[in-house]
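Numbered from 1 within each chain, the chains take letters A, B, ... in sequence-line order. Excluded from the calculations below are hydrogen atoms, water molecules and symmetry mates; all remaining heavy atoms, backbone and side chain alike, are included.
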Amino acid sequence: MTVSTHSNEMPAEQSWQNRWANMKVTLAPYGFLSPAIILFLIFNIFPLLFAAFMSFHLWKPSEGLGAMTFVGWENYYYAITDELIYKSLYNTIFMGVLSGVTMHLIAIPVAYILATYIKRFRNLFTGAFFMPFVTSTVAVALVFTNMYGENFGLFNSLLATFHEMPVIGSLLFFWVDPENPIRWLIDVAFIKPSIAGMQVWKFFGFQVVIYVSGYLTISSEIIEAAEVDGCTGFGKFWHIALPSIRPFIFFCITLNLIGALNMFEEPFVMLGKTGGTDSAGLTISMYMYLVGWVWEDFGTASAMSWFLFAFIGVVTGIYFLLFGKKGLGDS
Amino acid sequence: MIKTKHIVAAAITAFAAQATVADTELQLDGWPDMDKELALHQEEAKGAVGVDVKPLMNDWIAHHDKLKTAMATGQGAGDIVGVDVEFIGTFANAGGLVNLSKEYGADKFENLFPAYAWNQGRALDGDIYAIPYNSGPGVMYFWRDHVTASGMSIDEITKSWDSFFEFGAKLKEKGIPLVADASIIAQTIINTTVESGNSVYFDSEDNIIVTNDRFVEAFTLAKKARDMGLDASIGSWSGEWFEALNEGTYAVEFSGAWLGGFMERWIAPDATGKWGVANLPNGIYGTWGGSFFAIPKQSKNADAAWKFMEWYLMDEDKAVARFTATGGFPPLNAAYKDPAFQEPMPYFGGQKARALWGDIASKITPVKPNKGDAVARDVVFQALGSVLNDNQDITKSLKDAEKQIKRRVRAL
């Protein structure tokens, strides 16, 4: 309608058309982005804001939205004065560091061997190492629970078998006591290493894949030059390969950090919701789930999640500050 | 000719019935085997109550998490929801369920159910919010050969905790563990010897009572069993546990009557004739598990849902049919008079196990659920783990548990 009234005023019509055309160009990208933006707003931004809102309220979800009562900073007070939050944070970091370091100590040399010495079956091996990573965590955790079993578990049976072997038994496995098998998932001293061990098995293949591709980026000229200079097997690994994959190591450690702080399914399946004896395997994510979903205190759980957010922020900040530039290879 | 006429007439009536009254569709939210049990009467319900009940099953944890979300947001729950006894205190008092006493006069059905099961569905306001679906009278399962080997009779063994431990010591000499895990002894005492007027973890004024004599005795006896080396350290529902139940690795299991059905059908089908059932030791009666049906306030078909529940849950024949199909123990007094309850059970060596379960069900004293039960239970059993597996002091652990629960109940 508007168009027809202005039809005899050419310049105005043109400018209107121009403006519309311009607007189409500027708006079009947002139009195309809108599904993603809408989903992002609904599933990322809204929960974030809602969690912030909840953290100032006392709320038992089964009583409905109307049951929220404003309590100010009280939830934060409860969150930071809670002994278990620190214990679970400690457990999380302990298991993360233990599994992360072990994983790297295995993945870096294994990937190097695959990349340099094994040409024909490299993909087969890499694929085999990668298998655990794509296997369902819950299934893996269930299988490991059986293998860690005290009486009929695979690990204890193996130890007992080694113990009874003629020479090896008395030299290396003299400490095994078949009468008192190791309680992998019950004894406080063994819970964290047991979970970390499973994590190493599950995730090191992923790092092998990354490191193999990392090693393959090293130009053969550098290696040949080094060989001319008399650099041999271990020297090539230590002086050339390892420094060259620094950005890859940085990437893997970052993923490790995120993965470790989110650790949930493995201990949850293997130890139950309260994290086993003395909560020795309770991770921070499990604890938030326990407080929020099982104990129905969403306010405190939200406050805890903001506390965790701040903590991750600080840790990542320090990590990037210390290793960021070097890690990304722009030294 | 007459026959054809009849058939035609019947067909017309059936068609007319179907055309005039469309069945109300109801959604039943729960966890397996509620779907399998529903299938037994799904078709019949269409004709009898005019409802077409569709099951929506999730695993046990996911179902209750989903239910919490639905209650929180006011939508998404089925017309009928299953609620496990572990959460009944939470949901019954949360205000999201239909008050069945006020809306439908549910109290008139009280006498159909064993008192303990019925009262678990009662909220703090005294009204009924959930109807028992199945229940778990507490039973002692024993491996017959081990009992014979000990030279003691089952009555002697269950006479008191002392004689029970004496039995354990005799087995120990033969290298047979008494129980899977010592914590089961504590669990038995905590759940079954609740002081009158109290709930399991709280007194009538909501004070925490986890440091009282019952808890100290429970922890002490469990610790004693551990120290005497009477348990096999096998966790319930683990692979080792299934294997142990098949092979009689240990002598005694305490659980609900439903475990018998589970053992026979899928946990330990090879152990036919090997297990027996008896009363819990020391003359105690108590419950192990159980679940309920309730109607969320958000349901648009609450009346139809209640009609279906009345038809489905109050009738002993249907309850017995479910029981014989899956092992879910019926919470109906009349069901225990069913001939099926007098049958000797080959799986239990010809023992009339169901009759014993029914007898136990009628003797259990009701214990009121409390809204803090879920938190308190987690904290107390965590403390028990520390005592048993990490040698922590009993009094101190219970004091710590009390402190932790106190912090938590702020939010309840």
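The distance from the CG atom of B:N93 to the NZ atom of A:K60 is 7.0 Å, given to the nearest 0.5 Å. Taking CD of A:E296 as the start and CZ of B:F91 as the end, the distance is 6.0 Å to the nearest 0.5 Å.
In this structure, the portion of A:N146 lying under 4.5 Å from any heavy atom of chain B is its side chain and not its backbone. In this structure, no portion of A:T69 lies under 4.5 Å from any heavy atom of chain B. Proximity to chain B is absent for every atom of A:L185, based on heavy atoms less than 4.5 angstrom apart. The part of A:V188 that comes within reach of chain B is its side chain, from C-beta onward, which places non-hydrogen atoms under 4.5 angstrom from that chain. Residue A:L142: no heavy atom, backbone or side chain, is found under 4.5 Å from chain B. Of the atoms belonging to B:I61, it is side-chain heavy atoms, and not backbone ones, that fall under 4.5 Å from chain A. Both the backbone and the side chain of A:T277 come within less than 4.5 Å of a heavy atom in chain B.
The backbone N or O of A:G276 lies less than 3.5 Å from a partner atom in the side chain of B:Q382, making a donor-acceptor pair. Distance alone, capped at 3.5 Å, is enough to place a donor-acceptor pair between the B:E240 side chain and the A:E150 backbone. For B:K68 (side chain) and A:W293 (main-chain N/O), a donor-acceptor pair under 3.5 Å exists by modelled atom type.
Residue A:F50 places its CZ atom among more than 12 non-hydrogen atoms of other residues, nucleotides or ligands, all under 6.0 Å distant. The neighbour count for B:K274 NZ, taken as heavy atoms of other residues, nucleotides or ligands under 6.0 Å away, does not exceed 12. The number of heavy-atom neighbours closer than 6.0 Å to NZ of B:K224, taken from other residues, nucleotides and ligands shown, is above 12. Residue A:Y77 places its OH atom among 12 or fewer non-hydrogen atoms of other residues, nucleotides or ligands, all under 6.0 Å distant.
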Stepwise salt bridge (Lys or Arg N to Asp or Glu O under 4.0 Å) check, A:D297 with B:R407: CA-CA 11 Å; A:D297 182 357; B:R407 280 182 71 94; over 6 Å; no

B:Q404/A:L84 under side-chain contact (heavy atoms from CB on, under 4.5 Å): CA gap, chis, key distance, verdict: CA-CA 10 Å; B:Q404 266 211 62; A:L84 262 181; 3.8 Å; yes

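Residue B:A94 comes nearest to A:S62 through the heavy atom pair CB-O, 3.3 Å, listed as atom of the first residue, atom of the second, then distance.
Side-chain contact check for B:N389 versus A:D278: every heavy-atom pair is 4.5 Å or farther apart. Within the 4.5 Å cutoff, the side chain of B:V379 has heavy atoms near those of the A:W295 side chain.
By number of non-hydrogen pairs under 4.5 angstrom with chain A, the leading residue of B:S397, B:A244, B:S233 is B:S233. Interface remark: of the candidates A:T145, A:V71, A:D187, A:D82, A:D82 forms the most heavy-atom pairs closer than 4.5 Å to chain B.
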